[in-house]
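What follows is a single structure, written as structure tokens, with notes after it.
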Amino acid sequence: MRKIRKAVLPVAGLGTRVLPATKAIPKEMMPVVDRPALQYVVDEAREAGIEHIVFVTGRNKGAIEDYFDRAYELEATLQMKKKFDILERLQNELPIAGSTSFVRQQTPLGLGHAIWCARDVIGDEPFAVLLPDVLVKSEPGCLAQMIKTYEETGGNIIAVDRIPKEETDKYGVIAPKSQNGRVFEMNGMVEKPAPADAPSNLKITGRYILQPEIFAFLELQEPGAGNEIQLTDAMAKLMEVSQFHALEYEGQDYDCGSKLGYFEAVCAYAIDHAEIGDGARALLKKMGQEA
Ligand code: G1P
């Protein structure tokens with residue numbers, strides 16, 4: 001079985017749901033306490049053993065490349081001011097040289113098209129996809145849980161979790177066939193079905209392990225829901241010829257692409273934060289009583 005070494009993080013989206021905050025900064029760089037949302041997703045990938053990250057970027061996303069580079073002026077100033085703690089932290093969080101790639105999605109044609117843009121860098125090996133809009137808080141991380149399952153099953157794996165039936169039109173939804181513990185075999189999957197047509201209330205969470213054969217399906221994929229080239233549609237076709245499982249992972253996900261989801265993520269990471277955790281918990285309690 002081939003090891004999962006590379007991950008694709010699509011970061012080309014416009015962030016329209018949180019405008020005007022995302023007019024001049026990429027939505028992936030919005031802070032969750034003291035780190036950009038994207039850093040948590042990169043950490044999840046690294047924890048799962050990922051060695052190389054391919055960012056699929058677009059226009060106005062230069063801040064992401066700068067964030068994963070050294071900032072000599074800033075580092076020199078911190079050194080001069082003897083702020084060694086933060087300096088060390090900046091240096092530790094820097095990816096090792098050569099372990100990131102940036103490819104451009106020139107036209108926003110959909111998630112499926114964004115993943116296809118990474119095909120040359122991924123090459124002929126299985127890989128992970130993490131959607132940075134979604135933060136998953138869990139121990140171990142969601143991708144690490146998926147890799148554990150992959151080591152038993154091989155093939156393709158998607159993470160799923162349960163949602164209220166009336167929300168199925170916001171997500172990809174799977175049609176489960178059978179269940180073994182937290183692992184499902186599937187009959188199919190569909191992107192953003194109306195609640196009445198949804199085959200289950202198990203949504204695709206935004207974490208995937210895919211075989212490289214997906215690229216051939218993506219290349220031919222016609223636009224689907226929202227008139228976009230959908231990853232879910234290409235996966236549904238791949239499923240007919242390649243092994244596919246869904247894992248109901250253990251943890252909590254936060255949709256940082258929405259205002260309320262982002263707010264919830266900030267609160268969740270704040271109450272667990274080493275420096276401000278106690279203060280954040282007390283503050284939220286007080287605000288809850290007053291609201
Ligand atoms: C994407 C996927 C969808 C998945 C969702 C998770 O949708 O297409 O299958 O359920 O992410 O957040 P998007 O949020 O880009 O519309």
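Just so you know, ligand 1 is whichever comes first in the structure, and atom 1 is the first atom listed for that ligand. Note: hydrogens, waters and symmetry copies are ignored here, and every other heavy atom, side chains too, is used.
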Could you pull out every N or O of ligand 1 that sits under 3.5 Å from a protein N or O, with the distance for each pair?
from: ligand 1; atom 1: 7 (O); to: Lys192; atom 2: NZ; distance (Å): 3.4
from: ligand 1; atom 1: 8 (O); to: Glu191; atom 2: OE1; distance (Å): 3.4
from: ligand 1; atom 1: 8 (O); to: Glu191; atom 2: OE2; distance (Å): 2.8
from: ligand 1; atom 1: 9 (O); to: Gly172; atom 2: N; distance (Å): 3.0
from: ligand 1; atom 1: 9 (O); to: Glu191; atom 2: OE1; distance (Å): 2.8
from: ligand 1; atom 1: 9 (O); to: Glu191; atom 2: OE2; distance (Å): 3.4
from: ligand 1; atom 1: 9 (O); to: Thr232; atom 2: OG1; distance (Å): 3.4
from: ligand 1; atom 1: 10 (O); to: Gly172; atom 2: N; distance (Å): 3.0
from: ligand 1; atom 1: 10 (O); to: Ile204; atom 2: O; distance (Å): 2.6
from: ligand 1; atom 1: 16 (O); to: Lys192; atom 2: NZ; distance (Å): 2.7

Does a side-chain N-to-carboxylate-O contact under 4.0 Å join Lys61 and Glu28?
yes

Taking Ser258 for the side chain and Gly261 for the main chain, is one N or O donor matched with an acceptor at less than 3.5 Å?
yes

Listed by chain and number, what are the side chain to side chain donor-acceptor pair (under 3.5 Å) partners of Arg17, not counting sequence neighbours?
Asp255

Applying side chain to side chain contact (heavy atoms under 4.5 Å, CB included), can you list everything that pairs with Lys259, at least two apart in sequence or on another chain?
Val18

Examine distances only and state if a side-chain atom of Glu47 and a backbone atom of Gly141 form a donor-acceptor pair shorter than 3.5 Å.
yes

The side chain to side chain contact (heavy atoms under 4.5 Å, CB included) partners of Glu228 (sequence neighbours excluded) come to Gln230

